[in-house]
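The chain is numbered in sequence order, starting from 1.
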Amino acid sequence: MQPKIEDFSVSILGENLVPVATAKDLVMILDSHLTYDEHIISIVSKCMSYLAQIYCVKHAFDDKTLVTVINALSLVSIWSLMIAGSLKT
């Protein structure tokens, strides 16, 4: 019978490594099944938060600057999701 993943641990250089539900490596979040679902959820959540913050201060920007800020946020978010998607396949 195979051990459950929760019972599994590895010792490397005297440090005991145990399984976790999610792990962050640089900017990517992986779950225990090596999918990027948690990463995508995190990016979407951050985008919604940023858009809400921009909405609160939109009166401080002229239209051109507001469009530039929103486009920059969108491009970075889409890039991050594309990287996660390309690694998933």
Side-chain angles (χ1 to χ4, degrees):
M1 187 164 132
Q2 292 183 336
K4 291 182 181 178
I5 192 75
E6 295 87 21
D7 298 336
F8 181 77
S9 68
V10 175
S11 181
I12 298 178
L13 299 174
E15 293 293 322
N16 207 18
L17 302 178
V18 295
V20 294
T22 61
K24 188 172 185 177
D25 182 29
L26 297 177
V27 296
M28 302 301 288
I29 301 172
L30 295 170
D31 64 16
S32 59
H33 301 288
L34 299 179
T35 66
Y36 294 93
D37 296 342
E38 290 295 324
H39 178 72
I40 292 169
I41 290 168
S42 172
I43 294 295
V44 169
S45 176
K46 286 179 187 177
C47 286
M48 295 303 288
S49 173
Y50 294 151
L51 287 172
Q53 292 173 11
I54 291 169
Y55 181 80
C56 290
V57 295
K58 69 179 181 177
H59 63 277
F61 298 110
D62 59 49
D63 289 344
K64 185 177 179 182
T65 304
L66 187 59
V67 168
T68 301
V69 169
I70 292 171
N71 284 341
L73 169 67
S74 300
L75 288 175
V76 169
S77 301
I78 291 169
W79 175 80
S80 181
L81 292 173
M82 285 174 54
I83 294 296
S86 68
L87 294 174
K88 198 174 193 179
T89 58

Pick from Asn71, Val57, Ile54: which one makes a side chain to side chain contact (heavy atoms under 4.5 Å, CB included) with Leu66?
-> Ile54

Under the side-chain contact (heavy atoms from CB on, under 4.5 Å) criterion, do Ser11 and Glu15 qualify, and how do the steps go?
-> CA-CA 5 Å; Ser11 181; Glu15 293 293 322; over 6 Å; no

State yes or no: do Leu51 and Val69 share one hydrophobic cluster built from I, L, V, M, F, W and Y residues joined by side-chain heavy-atom distances below 4.5 Å, directly or via other members?
-> yes

Which atom pair, heavy atoms only, marks the closest approach of Leu73 to Tyr50?
-> CD1-CD1, 3.3 Å

Sequence-distant partners of Asp62, side chain to side chain donor-acceptor pair (under 3.5 Å), two or more places apart | Thr65

Are the side chain of Ser45 and the backbone of Ile41 linked by a donor-acceptor contact shorter than 3.5 Å?
-> no

From CD (Glu38) to CD1 (Ile40), nearest 0.5 Å | 10.0 Å

